[in-house]
Amino acid sequence: MEESKEKELSLSEIVEQLKEAASSDVTREKIAQIKSNFYKRQAAILEQMKQAWVEQGNDIKDFTHTFAEEAEFKQVLQAYKQKRAEELQKIAELQQKAYDAKKNIVERLEALIGGNDDVDKIYAEVRKLQTEWNNAGEVIQNKYGEIVKKYQALMTQFYDDVRISNELRDYDFKKNLEIKTQLCEEAEKLAASDNLNEAFQALQKLHSTWRETGPVAKEYREELWNRFKTASDTINHKHADFYQAKKTEEEANLAKKTELCESVEAIEYQDVKSYKVWDEISQKVIALQEEWKKTGFAPKKVNTKIYERFRAACDAIFKAKSDFYKSTKETMAANLEKKRQLVAAAEALKESKEWKAASQKFVELQNEWKKVGPVSRRASEQIWNNFKAACDYFFEQKKHATEGTVSLSKEREKLVRAYDKVVSELTTIENNMEFLNFDPKKPSPLMKQMQAQVEKLRKDKDSLKSKIREIEKRMRDGK
């Protein structure tokens, strides 16, 4: 639960966490855990930024980003490392000093125990050397085993071989028995603890104290050691089982991460030419990345390698997507320029009154428009609206003009029919008048009536002819 909570922290919060840890007495494991959490969090944020960059149509090779928090994190970490190095140097010097002191004590014990001096005097000197040994401090681990074995052997030899008073011997045995009994009790408490790491580390200190504590009476030695050893074995077995379980879990994590690598590597993306398919692939990769984040560590020796494999497979896909977006972006830019030219042509043509020729040209422009590929969604609607507006304007004007022409045409046809009727009546009357006897000095009433009709029909004919010509002129002018 603690690890999950730390993963949710921001980079700034993890930096503050490191500052607090570095200024206190924490283990190197805790610092390493904070460092791991920081770079995991940073990698996750960076991955999200890369994906957003690619989805915007940018080339992954052009992506750069620097985290300001990383510089501060490294500064705090470097200060901690410097402080730690200085502390380790001091510890190493103290451990060497302790080793030299204990080596000297062993040499002096050898000289005392092998000598023939007075027992009481020897006993006092040995007790003094014991005190010096206990106050000398810790010895470096790789030298500790050898020196403490010599010390134990000499102390056992002293109590077993050197003839000192029973009272003094029993006093030391009793005191050592109390100490080692307490060590057994503490080891048994640790054996019941669920905190295996702390129990294991604490056990090492108990063993160190056990080795440096003098012997007990012979009748208690085996029993007491077996008691201490039993508790120790319980702790060691639990610790070993824990790490075996951890190893098994890490192996299972490795198998899971290998499957995730294979799942990403199996994605077919080389020939994808569709935004929709690329979006589907991206979502699939992101889902696999989320699964990866939920999966724990693989064994340390291969953890980095398996991560690099997974990341390389993901990067290859997102690079291909970036290349597609970049190529498409260039193509769409060229398409946009073509469509702008078609809009300009439509704008220049929309006021034409050459209805037939202009209509044919607009049809050609519209067919050409259909052949041009897509443009960016940001520009698509606006450029289409501009083109459509020019087309709509022309055809609307043509519609109005055509409607007026049809109306004039109908009116002309009506006038022509009237004209033809007048001409026919006029011809009939004039033909009839030729068969009548006509005396210009004394015209008959019938003749006068027919003459009046002819005169009226001629005026109607001229009037209709004039109206027809006027309409024809209007039709030619498009009014």
**OP:** Go through Phe394 and Trp355 one step at a time and tell me if the ring pair (Phe, Tyr, Trp, His ring centres under 6.0 Å) criterion holds.
**Re:** CA-CA 9 Å; Phe394 168 78; Trp355 306 118; 5.8 Å; yes
Atom pair [atom1] ([X]) and [atom2] ([Y]), whose distance is rounded to the nearest 0.5 Å:
{"X": "Gln42", "Y": "Leu11", "atom1": "CD", "atom2": "CG", "value": "6.0 Å"}
{"X": "Gln289", "Y": "Leu260", "atom1": "CD", "atom2": "CG", "value": "10.5 Å"}
{"X": "Leu254", "Y": "Lys301", "atom1": "CG", "atom2": "NZ", "value": "9.5 Å"}
{"X": "Leu349", "Y": "Tyr393", "atom1": "CG", "atom2": "OH", "value": "12.0 Å"}
{"X": "Asp194", "Y": "Phe242", "atom1": "CG", "atom2": "CZ", "value": "11.5 Å"}
{"X": "Leu18", "Y": "Asn37", "atom1": "CG", "atom2": "CG", "value": "11.0 Å"}

Original post:
Should Lys257 and Asn303 count as side-chain neighbours, where that means a heavy-atom distance under 4.5 Å?
Top reply: yes
Assess whether a salt bridge exists between [X] and [Y], defined as any Lys/Arg side-chain N lying under 4.0 Å from an Asp/Glu carboxylate O.
{"X": "Arg309", "Y": "Glu265", "value": "yes"}
{"X": "Lys284", "Y": "Glu280", "value": "no"}
{"X": "Glu251", "Y": "Lys246", "value": "no"}
{"X": "Glu132", "Y": "Arg108", "value": "yes"}

**OP:** Run the numbers on Phe73 and Phe67 for ring pair (Phe, Tyr, Trp, His ring centres under 6.0 Å), then give the verdict.
**Re:** CA-CA 10 Å; Phe73 186 84; Phe67 290 94; over 10 Å; no
Original post:
By salt bridge (Lys or Arg N to Asp or Glu O under 4.0 Å), which residues pair with Lys388, not counting sequence neighbours?
Top reply: Asp392
Subject >> Sidechain-backbone polar pair: Ser327 side chain, Asp323 backbone, donor-acceptor under 3.5 Å >> reply: no
Just checking [X]: does its [atom1] atom have more than 12 heavy atoms from other residues, nucleotides or ligands closer to it than 6.0 angstrom?
{"X": "Glu219", "atom1": "CD", "value": "yes"}
{"X": "Glu262", "atom1": "CD", "value": "yes"}
{"X": "Glu93", "atom1": "CD", "value": "yes"}

Original post:
Is there a side-chain hydrogen bond (donor to acceptor under 3.5 Å, both in side chains) between Gln96 and Asp100 once you walk through the steps?
Top reply: CA-CA 6 Å; Gln96 182 62 42; Asp100 292 339; 3.0 Å; yes
